[in-house]
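Note that ligands are numbered from 1 as they come in the structure, with each ligand's atoms numbered from 1 the same way. Because the structure is predicted, anything quoted here is derived from the model rather than measured. FYI, the numbering just counts along the sequence from 1.
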Amino acid sequence: MTTFEHVSEAAAFVRSRLGRLTPQIAIVLGSGLGAVAEAVGDPVVVPFAEVPHFPKSTVEGHSGRIVAGSLGGVDVVVLQGRVHFYEGYTPQQVTFPARVLGALGVRALVLTNAAGGIAEGYRIGQLVALADHINLMGFNPLIGPNEPRYACVPGAGLRFFDMTEAYSRRLRVLAQEAAAEEGFELGEGVYLAVSGPSFETPAEIRAFRTLGATLVGMSTVPETIVARHMGMEVLGISCVTNLAAGLSASPLSHQEVFEAGRQVEHRLAGLLKRLAPRIVKSLGE
Ligand code: HPA
C-alpha cells in the first residue's frame, strides 16, 4: 500500500471515532504544552497506537493521543504529542499525522512547539507567532513522487508550489488580536529547524542568527511543508523554553525545556480557546 492509502485508512478510522464532530481546525501540541488538550470539552480520545499506520511517540512529555471535541464553541482536533525525525522516523512518518488531519477536512493547522530563543529580548515562557521558517533539517518531506490526491483544496497538491506565505498572515493577525485580549503580546519570529537530537553549539547559534533566525527547534517545518502542499493554512506558535546555546550561563537540558512549557501551557490554552472560533469563522468568510 502507498502512504496515500495508509493516510486514507487512518483518516477513515479517526473519522469513525469522531461521531458528529467535523473539525475544520487542528492543533498540534509541542513539548510540555499538553494543557490545551485538557481544555477540550466532551473529548473523544484516541491513542495514536490505535490508529492504523500512525507513528507512536517515544519522547517523554509527548503522550501521543488525539483529543477531539469542543474548544471555544467549535469542533477541534488536538494532537497531543508528535513524532520527530531525531527519533528515527522517516520524513513520511513525521508528516503522517499532518496528512491525516488534511484528509479529515481540516482547513487550518495550528502547529505549536518548544523552541530555543536566538533573538535578543526573548524571555523564557514567551509565545511567538511564526512569520517564516528556515529548513536546515536536512530533508524535505515531499522528496519522491508527487501525490496530487493529497490536495484538500482546488489548486493544491502540486509538485512545485509557493512558500512565500508558509505561515498565514491572516491567521497570525487573528492570533495577535486574541493574545492582546488575553493580556499579552504575541511577537513574530523566524523558526529555524534542525534535526537534533543534540542541541546546537554556540557557533551554530551565532550562524543561525546571521541567517535571520530568531528561534530554533526540531519540529514543525516538515508538517508546515506538507500542510501547504495539501492547501491547509498554517499558524505556527513557538514557546521560548530556553535561550539558545551560548546565550545563557547554564547548559541546556530537556528538563528545562519541558518545565518552561508547563509554565506557559495554560496561557497557550487560553489563547487557543479564544482564537479557535475566530479562525473557524474566518474560514467561512
Ligand atoms: N534548540 C533546539 N530545539 C529546541 C530548543 C533549542 O534550544 N529548545 C527547545 N527545542
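- Atom 3 (N) of ligand 1 has its closest protein heavy atom at Gly217 CA, 3.4 Å.
- Between the side chain of Thr112 and the main chain of Val28, a donor-acceptor pair closer than 3.5 Å is present.
- Residue contacts with ligand 1 for Ala245 are absent, since no atom lies close enough (heavy atoms, distance under 4.0 Å).
- A donor-acceptor pair is defined here as one N or O able to donate and one able to accept, closer than 3.5 Å; such a pair exists between the side chain of Arg15 and the backbone of Ala103.
- Between atom 4 (C) of ligand 1 and the options Ile205, Val216, Ile118, the minimum heavy-atom separation is to Val216.
- With a 4.5 Å cut-off on side-chain heavy atoms, Thr220 and Arg82 count as touching.
- For the pair Arg172 and Tyr167, the NZ or CZ position fails the cation-pi test of under 6.0 Å to the six-membered ring centre and within 45 degrees of the ring normal.
- Distances below 4.0 Å separate heavy atoms of Asn242 from the following atoms of ligand 1: 5 (C), 6 (C), 7 (O), 8 (N), 9 (C).
- Side chain of Gln24 to backbone of Arg107: no donor-acceptor contact under 3.5 angstrom is found.
- Remark: ligand 1 and Gly116 share an N or O pair separated by less than 3.5 Å (distance only, no angle test).
- Ion pair Arg278/Glu181 flagged as a salt bridge, since at least one NZ, NE, NH1 or NH2 atom sits closer than 4.0 Å to an Asp/Glu carboxylate oxygen.
- Close approach to Glu200 involves these atoms of ligand 1, each under 4.0 Å from a residue heavy atom: 1 (N), 2 (C), 6 (C), 7 (O).
- Close approach to Thr241 involves these atoms of ligand 1, each under 4.0 Å from a residue heavy atom: 8 (N), 9 (C).
- Considering backbone and side-chain N/O of Ala114, one or more are found under 3.5 Å from N/O of ligand 1.
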